Novice: 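The structure is given below, and queries will be raised subsequently.
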Amino acid sequence: FCPICTLPIPLPMHEHSVFEVCCMKRICEGCAWAVQKRGMHDCAFCRTPTPDNNADSLALVQARVAKRDPEAIFFLGSKYFLGDLGLQKDARKVVELWTEAAELGS
């Protein structure tokens, strides 16, 4: 469900929504479009400026990981698994992060 309009996001979710790394929320395309139409180019949920590059995105994720956010920890593990955001693939780090996320309730 979209945390803004509370409507269900159709499957496959990655095709009908936007994932915001600043707050770890998945926003439906309708809400994301409505925010942009109003001239706001920040996160539709938390109003954080949208990162321009991988380093800025990684910094936002790591800030949430430092606060022990299970969604952020799982997300960072996924990025290590895929080698995204400029990270090297690291299976040991993936298992460590996903285990921590699971223990925290992700």
Side-chain angles (χ1 to χ4, degrees):
F1 289 90
C2 176
I4 298 173
C5 67
T6 68
L7 293 175
I9 298 172
L11 297 175
M13 288 178 61
H14 70 278
E15 291 181 10
H16 301 282
S17 62
V18 177
F19 186 78
E20 302 289 355
V21 295
C22 48
C23 56
M24 298 289 137
K25 301 290 185 194
R26 186 167 294 280
I27 313 293
C28 73
E29 285 183 333
C31 289
W33 181 79
V35 167
Q36 287 181 353
K37 186 176 178 187
R38 291 185 181 106
M40 298 165 38
H41 300 288
D42 301 334
C43 172
F45 187 78
C46 69
R47 305 294 189 237
T48 301
T50 303
D52 295 327
N53 54 48
N54 286 342
D56 292 343
S57 295
L58 185 58
L60 287 172
V61 172
Q62 287 175 332
R64 293 191 64 90
V65 167
K67 295 177 183 174
R68 300 184 47 84
D69 178 350
E71 294 291 330
I73 294 168
F74 179 80
F75 181 80
L76 184 60
S78 299
K79 296 305 159 189
Y80 272 108
F81 180 76
L82 298 170
D84 285 346
L85 297 181
L87 298 170
Q88 297 259 342
K89 289 185 177 185
D90 185 347
R92 182 172 294 151
K93 186 77 171 173
V94 170
V95 171
E96 177 185 313
L97 289 167
W98 284 351
T99 301
E100 183 181 354
E103 289 171 353
L104 291 171
S106 175

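Numbering starts at 1 and runs along the sequence shown. Remember, predicted model here, so these are calculated numbers, not experimental data.
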Novice: Tell me the closest heavy-atom pair linking Val18 and Glu20, and the distance in Å.
Specialist: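 Nearest pair, atom of Val18 first, then Glu20: CG1-OE2, 3.7 Å.
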
Novice: Closest approach of Asp69 and Met24, non-hydrogen atoms and distance?
Specialist: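 Looks like OD2-CG, 4.0 Å.
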
Novice: Are Leu104 and Val95 connected, step by step, through hydrophobic side chains (Ile, Leu, Val, Met, Phe, Trp, Tyr) whose heavy atoms are closer than 4.5 Å?
Specialist: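 Looking at the clustering, Val95 is in a separate group from Leu104.
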
Novice: Test: ring-ring contact (aromatic ring centres under 6.0 Å, His included). Region: residues 1-21. Which pairs qualify, not counting sequence neighbours?
Specialist: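 Residue pairs with at least one partner in residues 1-21: Phe19-Phe75.
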
Novice: Hydrophobic cluster membership, with links at side-chain heavy-atom distances under 4.5 Å among I/L/V/M/F/W/Y: are Leu7 and Met13 in one?
Specialist: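 The answer is no; the residues belong to distinct hydrophobic clusters.
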
Novice: Kindly compute the distance separating NZ (Lys89) from CZ (Phe81), expressed to the nearest 0.5 Å.
Specialist: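 Reported to 0.5 Å precision, the distance equals 7.5 Å.
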
Novice: Within the supplied structure, the quantity of interest is the number of heavy atoms (other residues, nucleotides, ligands) at a distance under 6.0 Å from Gln88 CD; does it exceed 12?
Specialist: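 No, CD of Gln88 has 12 or fewer neighbouring heavy atoms, counting only those of other groups under 6.0 Å.
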
Novice: Quick one: CD on Glu29 to CZ on Arg26, what's the gap to the nearest 0.5 Å?
Specialist: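 Taking CD in Glu29 and CZ in Arg26, the distance rounds to 10.5 Å.
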
Novice: Looking at Arg47 and Ala44, would you say the former's side chain and the latter's main chain have a donor-acceptor pair under 3.5 Å?
Specialist: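 The answer is yes, because a donor-acceptor pair under 3.5 Å joins these two groups.
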
Novice: Taking the side chain as everything from C-beta on, heavy atoms only, tell me whether Cys28 gets closer than 4.5 Å to Trp33.
Specialist: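 No. Closest side-chain heavy atoms not under 4.5 Å.
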
Novice: Could Glu71 and Lys25 be called an ion pair, given the rule that one side-chain N must be under 4.0 Å from one carboxylate O?
Specialist: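 No, Glu71 and Lys25 are not salt-bridged.
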
Novice: For side-chain contact (heavy atoms from CB on, under 4.5 Å), just list the numbers for Ile73 and Arg64, CA-CA rounded to whole Å, side-chain angles, deciding distance to a tenth of an Å, and then say yes or no.
Specialist: CA-CA 8 Å; Ile73 294 168; Arg64 293 191 64 90; over 6 Å; no

Novice: How would you list, by chain and number, every residue that makes a side chain to side chain contact (heavy atoms under 4.5 Å, CB included) with Pro51, sequence neighbours excluded?
Specialist: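 Side chain to side chain contact (heavy atoms under 4.5 Å, CB included) check on Pro51 returns Val21, Asp56, Ser57, Leu60.
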
Novice: Identify the residue among Ser17, Cys5, Pro3 that makes a side-chain contact (heavy atoms from CB on, under 4.5 Å) with Ile27.
Specialist: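 Exactly one candidate clears the test, Pro3.
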
Novice: To the nearest 0.5 Å, how far apart are CG in Leu76 and CG in Asp84?
Specialist: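 The CG atom of Asp84 is 11.0 Å from CG of Leu76, to the nearest 0.5 Å.
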
Novice: Nearest 0.5 Å, please: how far is OH in Tyr80 from CG in Leu87?
Specialist: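 Rounded to the nearest 0.5 Å, the CG-OH separation comes to 5.0 Å.
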
Novice: Supply the members, apart from Val35, of the Ile/Leu/Val/Met/Phe/Trp/Tyr cluster built from side-chain contacts under 4.5 Å; use none for a lone residue.
Specialist: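 Members alongside Val35: Met40.
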
Novice: Which value, rounded to the nearest 0.5 Å, describes the distance between Lys79 atom NZ and Leu85 atom CG?
Specialist: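 With rounding to 0.5 Å, NZ (Lys79) is 5.5 Å from CG (Leu85).
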
